[in-house]
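Ligands are counted one by one from 1 in listed order, and the atoms in each one are counted from 1 as well.
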Amino acid sequence: MIPSHVVNRPTGRETGSFLALDLGGTNFRVCEVVLDGHSGARVRQSKHTITEAQKAAPGNELFDFFADCVYNFIAENGQAALTKKYKLGFTFSFAVNQVAINKGFLILWNKGFTNSGVVGADVVALLQAAFHRKKLNIDVTALVNDTTGTLMSHAYIQPSTRVGVILGTGTNCAYVERMENVTKYTPTDTPDAKEIIINMEWGAFDDEQVVIPRNKYDVKVDRTMNVQGKYTFEKMISGMYLGEIVRFVLVDLVKTGEIFKAGASPELNKPNHFETAFMSRIERDHTLDLNDTRTVLEDMLKIPRTTLADRRLVKTLCELVGKRSARLSAAGIAAVVTKMNKLDGCTVGIDGSLFELYPHYSNRMRDALREILGISAEYVVLEQARDGSGQGAALIAALADKQ
Ligand code: GLC
């Protein structure tokens, strides 16, 4: 429960041109966002993939890479653009102890990042220093979590938005809380603020492991991925982990002789070789013979021969793991909306590949919401949000200017 220092929601009338940097997990983006003042924005962006080596490099190298990408991005507008002064919103989608709108200390890495020298450091200062090394005239004016960005960018076009959720590589939620309820934080620089966005870091919910029942595959994922004992809720929900849960079950079923009687494959035994994207593909396979499932299993995972019964079993397994993820995230949303006393109506802006691309995901969430909230579920609107990490960061940079 981290106060984001964002105490205003957008009106839709914000204007101006801002840079945004977005480090979410697999991708890194540089964006130039021009807010038009009519709930609209123009965005130019460049996208980069972060390699496994970059995720393990010393922190300064990672931040120098960011600065290089920004340099090249600005240089596309001509050499003169490089001397201009810019304001930048930094979407850094990791657990950060945020102490000011533009200052926050990394609590721990997740999503496979292990760069040294960053945990415990102010990530804005690290980025600012990398810009100085590159002689870029950029002011990092806002540090933003992707959920906060999502909430803000969706509120820019849909004012009833009170919650922002990410369901992608990781999962998390931000919501609007009344200031009087936030006892851990006094807004000294904005004493009149009535509300504040809270970054819940809900991925770390139940790290004590007392609330949510876990099975032996969850325990295995926890032991083998990222920091053990941390991010328990996220490990049962988000794209980084679902495929690995399925893989562990398959390996077990092979051992007990219940699947792939012609033998498994070395691929199936390699960590993270069953991608969550495979689950999407298998769940989308409605052919009689489950042909696309066969492609995934035999061509991509090199299983020598599969029977229809094998493929059906794999599909059921994907359904179980995919459904559990959707239902747990719906449970989270139901809890937040109940806590906010917003069962009479509010919009939840949701972004991320699971919500956007995984078949049936949003319907499963809706079904679960109905089970939990009954008729009130009808007033909780789940909407696809877009580009919270780019436009949301720009909006927060715009509002930080006024704050
Ligand atoms: C992880 C991060 C969190 C982020 C989420 C979604 O849980 O700790 O800050 O919002 O992933 O990207």
Side-chain angles (χ1 to χ4, degrees), residues 1-6 20-29 49-50 55 89-99 103-115 118-124 142-154 163-175 197-207 212 221-222 225-242 244 276 325-326 328-329 332-333 336 348-358 361 384-393 396:
M1 290 287 178
I2 302 170
S4 67
H5 292 255
V6 177
L21 274 202
D22 167 23
L23 180 67
T26 341
N27 293 317
F28 165 68
R29 284 187 310 150
T49 307
I50 308 277
K55 287 187 195 170
F90 182 24
T91 305
F92 183 74
S93 303
F94 296 89
V96 158
N97 176 16
Q98 185 139 9
V99 296
K103 193 177 184 132
F105 302 92
L106 179 63
I107 299 169
L108 84 172
W109 277 125
N110 51 17
K111 301 178 188 166
F113 283 76
T114 54
N115 310 77
V118 190
V119 172
D122 171 16
V123 293
V124 171
L143 174 63
V144 178
N145 185 264
D146 50 358
T147 51
T148 309
T150 297
L151 200 170
M152 292 295 276
S153 69
H154 207 63
V163 183
V165 171
I166 298 286
L167 288 161
T169 311
T171 183
N172 190 11
C173 176
Y175 75 103
I197 295 179
I198 301 291
N199 164 17
M200 292 178 69
E201 283 298 320
W202 84 7
F205 174 63
D206 201 28
D207 275 0
I212 305 173
V221 165
D222 183 32
M225 292 181 82
N226 282 326
V227 189
Q228 188 180 343
K230 303 268 182 214
Y231 280 75
T232 304
F233 196 49
E234 177 164 270
K235 283 174 177 157
M236 299 172 93
I237 294 180
S238 76
M240 177 143 188
Y241 307 97
L242 296 187
E244 192 65 349
T276 302
S325 155
L328 283 174
S329 50
I333 290 173
V336 172
V348 181
I350 311 181
D351 202 356
S353 45
L354 268 185
F355 186 75
E356 196 176 349
L357 304 173
Y358 196 101
Y361 202 91
Q384 173 74 56
R386 298 212 187 264
D387 197 21
S389 305
Q391 295 181 41
I396 294 170

Completion exercise
For Ala95, the ligand 1 atoms with a heavy-atom partner under 4.0 Å come out as 8 (O), 9 (O)
Exercise for the section: For Gly203 and ligand 1, answer yes if some heavy atom of the residue is under 4.0 Å from a ligand atom, otherwise no. Expected result: no
Completion exercise
Going by the 4.0 angstrom heavy-atom rule, the piece of Thr169 near ligand 1 is neither
Problem - Student check: side-chain heavy atoms of Ile333 and Ile350 closer than 4.5 Å - result: yes
Practice task
Do me a favour and list the nearest non-hydrogen protein atom to atom 7 (O) of ligand 1 with residue, atom name and distance?
Solution key: Glu234 OE1, 2.5 Å
Problem - Min heavy-atom dist Tyr231 to ligand 1 below 4.0 Å - result: yes
Practice task
Please confirm whether the backbone N or O of Ala174 pairs with a side-chain atom of Asn199, one donor and one acceptor, at under 3.5 Å?
Solution key: no
Completion exercise
Near Asn172 (heavy-atom distance under 4.0 Å), the atoms of ligand 1 are 3 (C), 4 (C), 5 (C), 9 (O), 10 (O)
Exercise for the section: Under 4.0 Å from a heavy atom of Ile166: give me the atoms of ligand 1 that qualify, with their elements. Expected result: 6 (C), 12 (O)
Exercise for the section: Mind telling me whether Phe94 and Phe92 have parallel, tilted or perpendicular rings, with 30° and 60° as the class edges? Expected result: tilted
Problem - Nearest-0.5 Å distance, NZ of residue Lys111 to NZ of residue Lys55 - result: 10.0 Å
Exercise for the section: Answer yes or no: does an N/O atom from Asn145 fall short of 3.5 Å to an N/O atom of ligand 1? Expected result: yes
Handout entry: Within-4.5 Å side-chain heavy-atom neighbours: Asp351 and Asp146
Key = no
Exercise for the section: Under 4.0 Å from a heavy atom of Gly170: give me the atoms of ligand 1 that qualify, with their elements. Expected result: 6 (C), 11 (O)
Exercise for the section: May I ask you to test the Ile212-Thr232 pair for a side-chain heavy-atom distance under 4.5 Å? Expected result: no
Handout entry: Validation row: Ile237, Leu167 side chains within 4.5 angstrom (heavy atoms)
Key = yes
Exercise for the section: Could you tell me whether Glu201 and ligand 1 have an N or O pair separated by under 3.5 Å? Expected result: yes
Handout entry: Any Gly168 heavy atom less than 4.0 Å from ligand 1
Key = no
Fill in the blank from the handout: Note: ligand 1 atoms sitting under 4.0 Å from heavy atoms of Phe94 are 2 (C), 8 (O), 9 (O)
Exercise for the section: Can you pull out the closest protein heavy atom to atom 12 (O) of ligand 1? Residue, atom name and distance to 0.1 Å, please. Expected result: Asp146 OD2, 2.6 Å
Exercise for the section: Identify, for atom 2 (C) of ligand 1, the protein heavy atom at the shortest distance, and state residue, atom and that distance. Expected result: Ser93 O, 3.4 Å
Practice task
Taking the side chain as every heavy atom from C-beta outward, state whether Asn145 and Gln98 have any atom pair closer than 4.5 Å.
Solution key: no
Handout entry: Pair Val123-Val118, side chain to side chain contact (heavy atoms under 4.5 Å, CB included): steps then yes or no
Key = CA-CA 7 Å; Val123 293; Val118 190; 3.9 Å; yes
